[in-house]
Student: 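Pasting a structure here, questions to come.
In what follows, chains are A, B, ... by sequence order, proteins preceding strands, each numbered from 1. Heavy-atom basis, side chains included; hydrogens, waters and symmetry copies ignored.
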2 protein chains.
Amino acid sequence: MNGLDRRDFRILTELVADARASQVELAGKIGLSPTACARRIHQLEEAGIIRGYRADLDLPMLGLVTTVMVTITLEKQSEDFLAAFEAAVARCPDVITCHLMSGTDDYHLQVVARDIADFERIHKQHLSRMPGVARIHSSFAMREVVRRAIPETALPR
Amino acid sequence: MNGLDRRDFRILTELVADARASQVELAGKIGLSPTACARRIHQLEEAGIIRGYRADLDLPMLGLVTTVMVTITLEKQSEDFLAAFEAAVARCPDVITCHLMSGTDDYHLQVVARDIADFERIHKQHLSRMPGVARIHSSFAMREVVRRAIPETALPR
DNA sequence: TATGAAAGGCCGTGAAC
DNA sequence: GTTCACGGCCTTTCATA
């Protein structure tokens, strides 16, 4: 994967904390000239380690207060069933994460909705219509306890 | 929540796509002067709708290739049991999300580890030692199918 | 109340070492 | 990795609808 040193990790740490920090600011914090800092950032971007920079929005403030964890089991686990299902999931705008799980070969989805009625719409309109779906299990989140951009162990210092 | 107009939503959309876009760039895209654009951004920040700006890192490239979905059930659901458990979860650096779920009153955690052995360490060292834990169920993700910063329905246009 | 225009200082970028 | 210089950006102020 790498050849990253402590300064690279420091840069990544700072950019996760504040992606809009100026380069002189970053350079000062990690003890480097702005030019060298900019070069490292470019390398991290081109290596694909930095995928981009995103604004972190408060979803509840935008009316999205309902998080639902959905487990979906398919009728069959053949290649084309998986592919067809995954294409449908990717097209559903309300899904923010989807993982293919080991063991029982089902999918875990995290769905965000405005309220329970909105989730019902998503369920009817998208989830239940996805190809090859045998069972859908939904459970509602009452409260978000922890939310981190990355695990704290990702970037040693 | 609001009083947000189309231009605010456009700004948010652009900042989610690229948080490092310059203000003249943003201003050009949404048809506004840089000054007005900057003012709106400041208001969105102070309103708390924009929580911050984060670099989006490729975790697999940093050696974090193992995502585990963990469900934890507590022995009791009294206030202080929940509070003690939640404090412990917040202290675990490998947990990136934790939700209190409705119904059975357990917690859903998303844990990121370097590999299965690393997860075993996290399990022994953190998860199993959290106060009030009755049961732990872990399932491994084989593949990430979808990952979005925000649902596409969050920002109308 | 929100926008647009102009001025000044700061930042980001590239060349040379 | 650093220094230096230049071009552009960000910020503030002020005038306007």
Student: Can you confirm whether more than 12 heavy atoms, excluding those of B:Arg6, are under 6.0 Å from its CZ atom?
Tutor: no
Student: Check the pair B:Tyr53 / A:Tyr53 against ring-ring contact (aromatic ring centres under 6.0 Å, His included), numbers first and verdict last.
Tutor: CA-CA 7 Å; B:Tyr53 306 93; A:Tyr53 305 93; over 10 Å; no
Student: With a 3.5 Å distance limit and no angle check, can you tell me whether B:Arg51 reaches the backbone of B:Glu45 through a side-chain donor-acceptor pair?
Tutor: no
Student: Where the side chain of A:Arg54 meets the backbone of B:Val16, is there a donor-acceptor pair that is under 3.5 Å apart?
Tutor: yes
Student: Between C1' on D:dT12 and CD1 on B:Ile41, what's the gap in Å once rounded to a whole number?
Tutor: 16 Å
Student: Taking the side chain from A:Arg20 and the backbone from A:Ala55, do they hold a donor-acceptor pair closer than 3.5 Å?
Tutor: no
Student: According to the interplanar angle, ranging from 0 to 90°, do the rings of A:Tyr107 and A:Phe85 count as parallel (below 30°), tilted (30 to 60°) or perpendicular (above 60°)?
Tutor: tilted
Student: Tell me if a side-chain donor or acceptor on B:Arg10 pairs with a main-chain N or O of B:Leu26 at a distance below 3.5 Å.
Tutor: no
Student: Verify the distance criterion only: is there a donor paired with an acceptor across the side chains of A:Asp94 and B:Thr153 at less than 3.5 Å?
Tutor: yes
Student: Tabulate atom names and distances for all N/O pairs under 3.5 angstrom spanning the protein and nucleotides 10-12 of chain C.
Tutor:
residue, atom, partner, partner atom, Å
C:dG12, OP1, A:Gln23, N, 2.8
C:dG12, OP2, A:Gln23, N, 3.1
C:dG12, OP2, A:Val24, N, 3.3

Student: N/O contacts under 3.5 Å, protein versus nucleotides 2-6 of chain C?
Tutor:
residue, atom, partner, partner atom, Å
C:dT3, OP1, B:Arg40, NE, 3.0
C:dT3, OP1, B:Arg40, NH2, 2.7
C:dG4, OP2, B:Ser33, N, 3.0
C:dG4, OP2, B:Ser33, OG, 3.2
C:dA5, N6, B:Thr35, OG1, 3.2

